[in-house]
Amino acid sequence: QSVLTQPPSASGTPGQRVTITCSGSTSNIGRNPVNWYQQLPGTAPKLLIDSSNQRPSGVPDRFSSSKSGTSASLTISGLQSEDEGDYYCAAWDDSLSGPLFGGGTKLSAL
Amino acid sequence: EVQLLESGGDLVQRGGAVRLSCVASGLTFSDFAMSWLRQAPGKGLEWVSAITGSGGTTFYADSVKGRFTISRDNSKNTVYLHMNSLRVDDTAIYFCAKGFGEFPYWGQGTLVTVSS
């Protein structure tokens with residue numbers, strides 16, 4: 001199973017800026033938009049950043065994303081305790097002809 | 001408000017079969033592709049299958065191709081996942097989601113456990 005590469009964990013203190021990275025290849029991130037999903041404990045994933053690099057309605061503006069080449073990143077500016085959970089990047093993969101997910105990053109607010 | 005409600009998850013033996021259902025509300029169902037994704041216990045997300053709004057075209061991950069079949073009944077606002085020849089590594093929470101590629105709405109998931 002091919003996946004996009006994310007660090008398994010990330011952490012920060014409340015109020016701190018935290019960045020989660022996502023590394024892919026020319027067949028996915030290099031050519032296609034990146035989505036980010038948030039999965040809080042015991043819940044279904046939630047779209048955090050859409051394919052236009054925008055936040056869906058209701059997503060706080062402390063979440064932002066960027067992309068460069070075959071890598072992408074999600075930044076949380078001003079970490080809050082309620083942000084603790086798992087974060088997944090995803091992108092369409094031209095080789096697989098389907099969406100590909102990262103392995104997920106567990107975010108902790110210390 | 002878009003709502004997706006999955007059902008049909010079960011404990012089945014290796015080699016067995018199960019059918020999952022997902023009923024959608026709050027959207028013009030036939031206008032949208034629908035997907036199934038899964039999450040093995042303690043693991044990440046994996047896209048499994050998708051179907052176009054008309055139901056005319058289907059897509060599968062290599063890991064399930066030939067074993068799983070996606071279908072939909074637009075008169076019932078329902079998408080199905082027929083799972084055959086189940087393996088232990090098919091054990092997962094199965095989510096249905098609106099879309100194919102980007103998933104703005106997800107159901108709460110239904111658990112399929114395959115025992116050896």
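Residue numbers begin at 1 in each chain, while the letters A, B, ... track the order of the sequences. It should be emphasised that the depicted structure is a prediction, and the values quoted were computed from it without experimental measurement.
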Indicate the atoms forming the closest heavy-atom contact of [X] with [Y], along with that distance.
| X | Y | result |
| --- | --- | --- |
| A/Pro99 | B/Phe103 | CG-CZ, 3.8 Å |
| A/Leu47 | B/Pro104 | CD2-CA, 3.8 Å |
| B/Gly107 | A/Ala44 | O-CB, 3.1 Å |
| B/Trp47 | A/Gly98 | CZ3-CA, 4.4 Å |

**Asked** Which residues in residues 70-92 of chain A have any heavy atom lying under 4.5 Å from a heavy atom of chain B?
**Response**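 Expected list: A/Tyr88, A/Trp92.
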Examine whether an atom of [X] lies under 4.5 Å from a heavy atom of chain B, and if so say whether it belongs to the side chain, the backbone or both; otherwise answer neither.
| X | answer |
| --- | --- |
| A/Asn35 | side chain |
| A/Pro45 | both |
| A/Gln6 | neither |

Is it the case that over 12 heavy atoms from other parts of the model lie below 6.0 angstrom from the [atom1] atom of [X]?
| X | atom1 | result |
| --- | --- | --- |
| A/Arg17 | CZ | no |
| A/Lys106 | NZ | no |
| B/Gln13 | CD | no |

Do [X] and [Y] sit in one hydrophobic cluster, given that two such residues count as connected whenever their side-chain heavy atoms are within less than 4.5 Å of each other, even indirectly?
| X | Y | answer |
| --- | --- | --- |
| B/Tyr60 | B/Val112 | yes |
| A/Ile29 | A/Leu96 | yes |
| B/Val48 | B/Tyr105 | yes |
| B/Phe59 | B/Ile70 | no |

**Message:** Counting only non-hydrogen atoms closer than 4.5 Å, can you tell me which residues of residues 71-83 of chain B sit against chain A?
**Reply:**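 At a heavy-atom separation under 4.5 Å, chain A is reached by no residue of residues 71-83 of chain B.
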**Item:** Members of residues 18-42 of chain B whose heavy atoms come closer than 4.5 Å to chain A
**Value:**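 Checking residues 18-42 of chain B against chain A gives B/Leu37, B/Gln39.
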**Asked** Applying ring-ring contact (aromatic ring centres under 6.0 Å, His included), which residue pairs with at least one partner in residues 18-52 of chain A are found, sequence neighbours left out?
**Response**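 Sorted pair list: A/Tyr37-A/Phe101, A/Tyr37-B/Trp106.
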